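Excluded from the calculations below are hydrogen atoms, water molecules and symmetry mates; all remaining heavy atoms, backbone and side chain alike, are included. Quick caveat: nothing in here was measured; it's all calculated off a predicted structure. Convention: sequence-line order gives letters A, B, ...; per-chain numbering from 1.
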Number of protein chains: 2
Amino acid sequence: MSPDQQRDTPTRRRGAALEDAILRAAAGELRESGYAGMTMDRVAQRAGTNKNAIYRRWPTRAALGIAAYRRIVDTELQVPDTGALRTDALALLRAANATWSSPQGAVLRALLTAVGDDPDLLTLLRTQTGGNAMDAAWLTLLERAVARSEAPPEAVHPRVASVPVTVLRGEYALRGLPEVPDDVLVEIVEEIFLPLVRGRAASS
Amino acid sequence: MSPDQQRDTPTRRRGAALEDAILRAAAGELRESGYAGMTMDRVAQRAGTNKNAIYRRWPTRAALGIAAYRRIVDTELQVPDTGALRTDALALLRAANATWSSPQGAVLRALLTAVGDDPDLLTLLRTQTGGNAMDAAWLTLLERAVARSEAPPEAVHPRVASVPVTVLRGEYALRGLPEVPDDVLVEIVEEIFLPLVRGRAASS
DNA sequence: CAACTTAGGGTACGGAGCGTACCCTATTTT
DNA sequence: AAAATAGGGTACGCTCCGTACCCTAAGTTG
């Protein structure tokens, strides 16, 4: 709740400077109090401005939340390259799980449910979040496995690539939140992902 | 918003009768206005009672919503038996999709997001909803396929059984709500489920 | 049958929080 | 210098959850 902005100077911020201050404040609230705690009034106060300035830029709280979320994402997901598909997949799935179980992940999940009925915001969130980067990572994983003849070429398929993360997300959605234990990750890789890859060999 | 209860008789309902009236009213609201429209005040008014009587029985709106949801579920999911795994799976997945895309499914999804951070309510919802029945259905599907030697015995596994529905749910979660088109269902079965079943043949 | 206990009913309220409306003032543009 | 634009301050309306009182009907007990 620290001011985050020195309003000493009676100079009135405008445009980009103000927008930046708002986003910084919103991101701070997200970090400290989660999405539920990111109140419009609090954000306004923390940014040293008022709700007018916010609503002039974002039509709704959820939109602001998504915009602010970018600021707390430490992106730069790097694709593991351990030399074997199994260990690569496990590493990537662990990375995903770490993200989802972090406080940051809690914010993300809250955002997801908050915009669950607005397709536009939903796709916006997905593009900003790098959920697409995740899929891309799994695809390169698969390509490498194919190059090592560890997997059939037919395994390089977007649906296949998205399965592990989807199942992991399912765990979060159905069970409560705490965190998905590591043996579940192993199970996803060994009981689902690897058999799936293998099974696409003699396919159409 | 029709009274749903004749309060002509000054006879004051108690216990089970009242509880039933409340649940009926809540279910009616769910049907007509969805979970968002299921206001405690409206339920109370519609049941011809007041919020006291409700809160004496359910601690929170979400709990009432879950209890009322049972009433609008037309359960009795029957396991398809077409003679082939592919068509069985497709039929079952279509049934699941029909449920999820119906207004009833919208209520269910709203409930899911509403209780997303309460593990207790979450499991309560899952047991009442028959999400478990779904898994069981997929398992019998697999068992029949094994009996026809259409699938290896190792394919009968809870994780395998839950994959198609999980992926379907993922479609709803990531894309907006409207409805998942049929070719996606076909894709899930052909590109994921069947290869997965096949791939578990020479497994551990 | 009278006294007592329990549970409903009526109603009002506190508290959040979103989104909006006004009106004034500092900046920027013309 | 005048006009247009965008911030700031502040107060509201509105919805809705959950709670608090206080009164009364229905059951329960002696």
Are any protein N/O atoms closer than 3.5 Å to N/O atoms in nucleotides 22-24 of chain D? If there are, list each pair with its distance.
residue, atom, partner, partner atom, Å
dT24(D), O2, Arg12(B), NH1, 2.9

For nucleotides 14-17 of chain D, tabulate all protein N/O to nucleotide N/O atom pairs closer than 3.5 Å, reporting atom names and distance.
residue, atom, partner, partner atom, Å
dC17(D), OP1, Arg61(B), NE, 3.4
dC17(D), OP2, Met40(B), N, 3.2

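With sequence neighbours excluded, the residues that form a side chain to side chain contact (heavy atoms under 4.5 Å, CB included) with Leu108(A) are Tyr69(A), Leu125(A), Thr129(A). With sequence neighbours excluded, the residues satisfying salt bridge (charged side-chain N to carboxylate O under 4.0 Å, His left out) with Arg144(A) are Asp81(A). By the side chain to side chain donor-acceptor pair (under 3.5 Å) test, Arg14(B) is found to be paired with no residue, residues two or more places apart in sequence or in another chain being considered. For Ala67(B), the side chain to side chain contact (heavy atoms under 4.5 Å, CB included) partners two or more places apart in sequence, or in a different chain, are Leu23(B), Trp58(B). In terms of the ring-ring contact (aromatic ring centres under 6.0 Å, His included) criterion, residue partners of Phe193(B) (sequence neighbours excluded) are, by chain and number, Trp138(B). Residues passing the side chain to side chain contact (heavy atoms under 4.5 Å, CB included) test with Arg31(A) are Ala27(A), Ile72(A), sequence neighbours excluded. Arg126(B) is linked by a salt bridge (charged side-chain N to carboxylate O under 4.0 Å, His left out) to nothing, counting only residues two or more places apart in sequence or in another chain.
In this structure, the CD1 atom of Ile54(A) is 13 Å from the C1' atom of dG17(C), given to the nearest Å. The CH2 atom of Trp58(A) sits 17 Å away from the C1' atom of dC18(C) (whole-angstrom rounding). Protein atom CD of Gln45(B) is 13 Å distant from nucleotide atom C1' of dT11(C), rounded to whole Å.
Under a cutoff of 6.0 Å and an axis angle of 45°, Arg61(A) and Tyr35(A) form a cation-pi pair.
Residue-to-nucleotide contacts include a donor-acceptor pair under 3.5 Å from the side chain of Arg14(B) to the base of dT6(C). Side-chain N/O atoms of Asn50(A) and base N/O atoms of dG7(D) include no donor-acceptor pair closer than 3.5 Å.
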